[in-house]
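Residues take their numbers from the sequence shown, with the count starting at 1. Computed from a prediction, not measured in an experiment: that's the story for all the values here.
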Amino acid sequence: MARNAVTVPLCSLRIGAVALLAGLVSVACGGDDTTRGAGGVCGGAKCDEVEGGSAGETAEEHPEFRKAIEACEVGASRLRDRTHDERWDSLTSIERTRAECLATANDEIVPAVNDVVRVRADALAGKLRGNIEDYRGARELVCVTLVDASRHALEKSGAVAMEACAAHSELDMAQLISAYVDLGVKPLVLADSRVRYPACWDAFDDEVQDAALASQTLDATEGLMQCVLDANEDASAKLVENIQEQFPGRASKTLEQDTQRGLRSHRNAIKDVCEALTIAGPTVDSGEVNLSWVQCRIGGLSMVGHSGDKLVPGVWPQGAESGPSDSGSGDTGDGEDTGGGESDGSTGSDGDTSTGGDSGGSTGG
């Protein structure tokens with residue numbers, strides 16, 4: 001694939017039949033290495049630091065990261081399959097353990113990422129762990145808002161929903177790391193951003209189709225990122241409305257401020273995390289790194305809509321997934337199911353048993 005293409009790594013979110021959490025629990029799909037972000041232009045000190053590196057510095061393979069993520073998902077899925085769907089304490093414990101397992105896997109790959117960052121951009125070295133902790137704090141704020149706005153807020157399933165949201169967010173982070181850091185092995189891929197933000201992607205497609213310069217492609221991609229951000233902020237009004245209906249004693253102004261604070265914290269954390277991840281990516285070309293940084297942030301911001309749609313259906317729109325006939329690279333056909341399924345405690349497996357997943361958005365400019 002040409003290096004001047006815009007690629008946002010994506011993955012279909014496949015769900016089972018029973019929907020206590022409406023598919024909040026995802027699977028980590030496999031994707032082709034060509035789904036990594038690339039192309040564009042760059043400027044500033046960040047790019048100057050990157051240009052001194054060489055691609056060979058990321059040659060070391062880290063298959064243990066993918067295996068650890070798969071083990072967390074498969075283990076949680078098996079426990080859910082053996083748990084009655086109204087054993088709320090047990091289901092909550094399963095999701096909490098799943099979140100802790102995924103967090104440990106994410107933490108354990110950080111030193112390997114930092115080793116590459118230290119060579120390429122010493123000013124960023126050692127900051128990733130703190131950035132991920134900031135992300136966890138922000139996602140907790142977002143998850144509280146989503147759960148309070150959902151039908152689970154006043155039900156016994158509320159605690160399960162909260163823990164599952166946290167676990168799903170850790171899986172999101174694992175997919176983001178795998179999709180943008182060159183770990184030398186087949187990456188996990190992110191959910192298809194087009195599904196939740198179809199209008200943003202339609203506008204991007206129109207703009208990037210006529211892009212003749214790398215700078216125009218970058219501008220279009222930054223416009224896409226802003227559109228996704230705006231869409232999340234627009235959705236916050238409906239979330240606040242839902243919360244007020246369920247908790248009439250809570251002041252609207254406070255709810256609005258809390259919701260905006262959560263989204264702002266999440267946005268800032270994603271920006272910092274993605275900067276380190278893309279520095280440690282498969283390329284040291286300054287233009288490619290800069291565009292990849294924007295793409296990573298699009299994937300990170302889209303996490304809000306994906307989790308939000310599972311907990312509060314209808315607040316975010318429903319678009320069509322990228323497929324082989326779209327501008328994206330479509331289903332790679334070689335992914336591996338890592339288990340996982342609905343956090344509904346039902347017997348039998350609701351996990352995805354298919355292979356592959358949409359790798360989404362190659363939208364060449």
Ion pair present between [X] and [Y], side-chain N to carboxylate O less than 4.0 angstrom?
X: R139; Y: E170; result: yes
X: E163; Y: R98; result: no
X: D148; Y: R250; result: yes
X: R66; Y: E70; result: yes
X: K67; Y: E64; result: no
X: D81; Y: R78; result: no
X: R129; Y: D134; result: no
X: D309; Y: R196; result: yes

Do [X] and [Y] have side-chain atoms, one donor and one acceptor, less than 3.5 Å apart?
X: T283; Y: E288; value: yes
X: T221; Y: Q295; value: no
X: T278; Y: S292; value: no
X: H84; Y: E86; value: no
X: Q246; Y: N242; value: no

field: Listed partners of E155 passing side chain to side chain contact (heavy atoms under 4.5 Å, CB included), at least two apart
entry: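 Side chain to side chain contact (heavy atoms under 4.5 Å, CB included) list for E155, sorted by chain: S157.
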message: Run the side chain to side chain contact (heavy atoms under 4.5 Å, CB included) test against R261 and tell me which residues pass, sequence neighbours left out.
response: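 Applying side chain to side chain contact (heavy atoms under 4.5 Å, CB included) to R261 gives L141, D258, R264, S265.
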- request: Following the transitive rule for hydrophobic clusters with a side-chain heavy-atom cut-off under 4.5 Å over Ile, Leu, Val, Met, Phe, Trp and Tyr, establish whether L311 and I243 coincide in one cluster.
  value: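 L311 and I243: separate clusters.
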- prompt: If you look only at pairs with a residue in residues 98-143, which of them pass as a ring-ring contact (aromatic ring centres under 6.0 Å, His included), with sequence neighbours excluded?
  reply: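 Sorted result for residues 98-143: Y135-H266.
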Any side-chain heavy-atom pair of F65 and V181 under 4.5 Å: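 F65 does not reach V181 side chain to side chain.
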